[in-house]
Undergrad: 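Have a look at the structure that comes next, please.
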Amino acid sequence: MSGKYDLKTEIAIIGAGPAGVSTALFLAKKGVPHLLLDKARFPRDKVCGDGLSGKTIGLFNELNPALVEKMSANPNHFLPSWGVSFIAPNGKGIELPFKKDMSGLKHAPGFTSRRIDFDDFLLKQINPQFTNLQVETELVQIKEIPEGLELELIQQGKPLTYLAKVVVGAGGTASLTARKLAKQKIQPQHLFAGLRVYYENISEMHPQNFIELHFIPEALPGYLWIFPLPDNQANVGIGVLSKDIKKKNIHLKTLLQKAIATNPVLARRFKNARAVSSVSGWRLPLGSIKRPLSGERYLLTGDAAALIDPFTGEGIGNAILSGKFAAKILAEAVQKNDFSAAVLKKYDRLLYDDLWSELQISYNIQRLVRFPALFNFVINRVHNNSRLQETFSSMFNDVDMRAKLRSPLFYFRLLFNLKGGARDDNVSI
Ligand SMILES: Cc1cc2nc3c(=O)[nH]c(=O)nc-3n(C[C@H](O)[C@H](O)[C@H](O)COP(=O)(O)OP(=O)(O)OC[C@H]3O[C@@H](n4cnc5c(N)ncnc54)[C@H](O)[C@@H]3O)c2cc1C
């Protein structure tokens, strides 16, 4: 007991998903003590596609290269993945390796891992010297008082009150901190709705565990995915823009089941497959508009800050990136003993300077793929041209290259086979 409070802390991180745990790991690396709490008991499930991109792997290497070594050494929980297949609305596909030259790589450039395993693995990496971890502890109310933020919690049925100087909102899409302090509201035009079901025994999976994005016309600009997992299982799901659900009267579960049953390729591949879980859904807050990410005594990270890539739907890498920058600014704030909005605002600048152009590019691509004819055309061209496939591979690993997809000149060149377009002898678009 600390006066009228059960506990006093400088930093309280609410949520131990990838955003909260990575904030804790980066803070511990700087030697800054903090509290990390989560309402769940781990291991716990989280509805996701279970894909871990190159961005996640790169950030883990920055944090501690041993992390990726541990993942590689655990094939029961981590499946190495070497690329991605895009299947256009007309059914034509292209296969893009994650990296052009993989010869020098010590491990795969991407992985898939069920979130029940991945989040538990990540939580086990925390350093108890700096992180006071409290699970089964739910934040139910948050109040601003002159001394800081008063947190009302329920810990295994018992009410507690803590005092924090600053709070990191890492509670995901339904973050209380984002709703109460940042007054964030749901915006269906900047939100995907997704659902996921685990299957086993799907045939014709890629030998190098490529993840598959099937852009079926009914889901555009969203897609149906098949992500391979250990034990001959796969994460199968579908995501669509939330605003389209009402507008186009979409029933997501029916759409997924219908695609699997009627699409000729999928129907063949799912012939002997069996669902091994129920269907679960959740929301994906997209980083397609800039929002305030901090204020007086708080920062938002991960889904609470709505940082999911508007085209690919990836959020784990950006959640970890936000944790890295949050830790940097929090360490400075602790040193100055200043948790004002002015000091924490640096976090918004740092994160958006790094991420905003990438999010914008993805948002532009998301808007382009609403037109099936254009999408079919690009995939057709790339499909028939091996050099263009290489160029496209680098596009999905290199943001500057990806920016070219925004340019009308790119499509003009592609259309007329001009220099810098689709010609086999010159693909420097
Ligand atoms: C269908 C779907 C498919 C997706 N596929 C992918 C994919 O393949 N790859 C990818 O990179 N991203 C994917 N995403 C996005 C990804 O799941 C999220 O971006 C990621 O989980 C964000 O991490 P986070 O830590 O911000 O939030 P979360 O992972 O949601 O973690 C939040 C944590 O906060 C805790 N919490 C919440 N409220 C409280 C409270 N009041 N008190 C205490 N604790 C609380 C929760 O228990 C939870 O543990 C997908 C999302 C969906 C919905």
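Quick note: numbers below take in every heavy atom, side chains included, and nothing from hydrogens, waters or symmetry partners. In each ligand, atom 1 is the first atom listed, and ligand 1 is the first ligand listed.
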Undergrad: Centroid-to-centroid, F118 to F111, below 6.0 Å?
TA: no
Undergrad: Please find the pair of heavy atoms, one from A19 and one from T301, that lie closest to each other, and give the distance.
TA: CB-OG1, 3.6 Å
Undergrad: Report the part of K39 (side chain from C-beta onward, or backbone N, CA, C, O) that has a heavy atom under 4.0 Å from ligand 1; answer both or neither where that applies.
TA: both
Undergrad: What part of A174, side chain, backbone, both or neither, has a heavy atom within less than 4.0 angstrom of ligand 1?
TA: neither
Undergrad: Distance only, no hydrogens: is a donor on one side chain within 3.5 Å (strictly under) of an acceptor on the other, for Y162 and Q134?
TA: yes
Undergrad: Pull out every atom of ligand 1 sitting under 4.0 Å from any heavy atom of W282, numbered as shown with elements.
TA: 53 (C)
Undergrad: Considering G317, G49, G313 one by one, which has a heavy atom nearer to atom 14 (N) of ligand 1 than any of the others?
TA: G313
Undergrad: Is there a donor-acceptor contact under 3.5 Å linking the side chains of H190 and S288?
TA: yes
Undergrad: Applying a strict 4.0 Å limit to heavy atoms, is T137 in contact with ligand 1?
TA: yes
Undergrad: Should we count NZ of K180 as having more than 12 external heavy atoms under 6.0 Å?
TA: no
Undergrad: Starting from atom 34 (O) of ligand 1, what is the nearest protein heavy atom, named by residue and atom, and what distance separates them?
TA: G15 CA, 3.2 Å
Undergrad: Taking 4.0 angstrom as the limit, do E314 and K55 come out as a salt bridge?
TA: no
Undergrad: Pick one of side chain, backbone, both or neither for how D50 approaches ligand 1, counting any non-hydrogen atom pair under 4.0 Å.
TA: backbone
Undergrad: Without swapping roles, check the side chain of D231 against the backbone of Q233 for a donor-acceptor pair under 3.5 Å.
TA: no
Undergrad: Keeping to residues at least two apart or across chains, list the side-chain hydrogen bond (donor to acceptor under 3.5 Å, both in side chains) pairs with something in residues 10-31.
TA: none
Undergrad: Heavy atoms only, cut-off 4.0 Å: how does F192 contact ligand 1, side chain, backbone, both, or neither?
TA: neither
Undergrad: Among protein heavy atoms, which lies nearest atom 2 (C) of ligand 1, and at what distance?
TA: C48 CA, 3.7 Å
Undergrad: Select the closest option to atom 38 (N) of ligand 1 among G237, A16, G171, judged by heavy-atom distance.
TA: G171
Undergrad: Within this structure, what is the CG-CG distance for the pair L133 and N127, rounded to the nearest 0.5 Å?
TA: 12.0 Å
Undergrad: Going by an N to O cut-off under 4.0 Å, is there a salt bridge joining R196 and D45?
TA: yes
Undergrad: So which heavy atom in the protein is nearest atom 27 (O) of ligand 1, and how far is it from that ligand atom?
TA: G172 CA, 3.5 Å
Undergrad: Quick one: which of I316, I13, L52, L284 has a heavy atom closest to atom 51 (C) of ligand 1?
TA: L284
Undergrad: Looking only at protein heavy atoms, which one is nearest to atom 16 (C) of ligand 1, and how far off is it?
TA: R115 NH1, 3.8 Å
Undergrad: Between P18 and ligand 1, does any nitrogen or oxygen pair lie at a separation below 3.5 Å?
TA: yes
Undergrad: Heavy-atom contacts under 4.0 Å between R196 and ligand 1: side chain, backbone, both, or neither?
TA: neither
Undergrad: Do the ring centers of Y223 and F215 come within less than 6.0 Å of each other?
TA: yes
Undergrad: Testing the 3.5 Å rule here: is there a donor-acceptor pair between the side chains of S294 and D348?
TA: yes
Undergrad: For D353, does the CG atom sit with more than 12 other heavy atoms under 6.0 Å from it, leaving out its own atoms?
TA: yes
Undergrad: Please work out which of A19, A40, G302 has its closest non-hydrogen atom nearest to atom 25 (O) of ligand 1.
TA: A19
Undergrad: If we only count N/O pairs under 3.5 Å, is D119 in contact with ligand 1?
TA: no
Undergrad: May I ask you to check if ligand 1 and L139 share an N or O to N or O distance below 3.5 Å?
TA: yes
Undergrad: In the protein, which heavy atom is nearest to atom 31 (O) of ligand 1, and how far is it?
TA: G17 CA, 3.5 Å
Undergrad: Quick check: does R44 get an N/O under 3.5 Å from an N/O on ligand 1?
TA: yes
Undergrad: On a heavy-atom basis, which atom in L241 and which in F192 lie closest, and how many Å separate them?
TA: N-CD2, 3.2 Å
Undergrad: Taking atom 22 (C) of ligand 1 as the point of reference, which of D303, I308, T312 owns the nearest heavy atom?
TA: D303
Undergrad: For atom 28 (P) of ligand 1, find the nearest protein heavy atom and state the residue, atom name and distance (0.1 Å precision).
TA: K46 CE, 4.0 Å
Undergrad: Any salt bridge linking K258 with E218? Criterion: basic side-chain nitrogen under 4.0 Å from a carboxylate oxygen.
TA: no
Undergrad: Which is closest to atom 8 (O) of ligand 1 by heavy-atom distance: A178, G51, G194?
TA: G51
Undergrad: Out of D38, L37, I320, who gets a non-hydrogen atom closest to atom 33 (C) of ligand 1?
TA: D38
Undergrad: Note the single closest protein heavy atom to atom 1 (C) of ligand 1, along with its residue, its atom name and the distance in Å.
TA: W225 CH2, 3.6 Å
Undergrad: Please report whether ligand 1 has a polar contact with T301, defined as an N or O pair separated by less than 3.5 Å (distance criterion only).
TA: no
Undergrad: What protein heavy atom is closest to atom 12 (N) of ligand 1, reported as residue, atom name and distance in Å?
TA: G315 N, 2.9 Å
Undergrad: Would you please name every residue forming a side-chain hydrogen bond (donor to acceptor under 3.5 Å, both in side chains) with T9, sequence neighbours left out?
TA: none
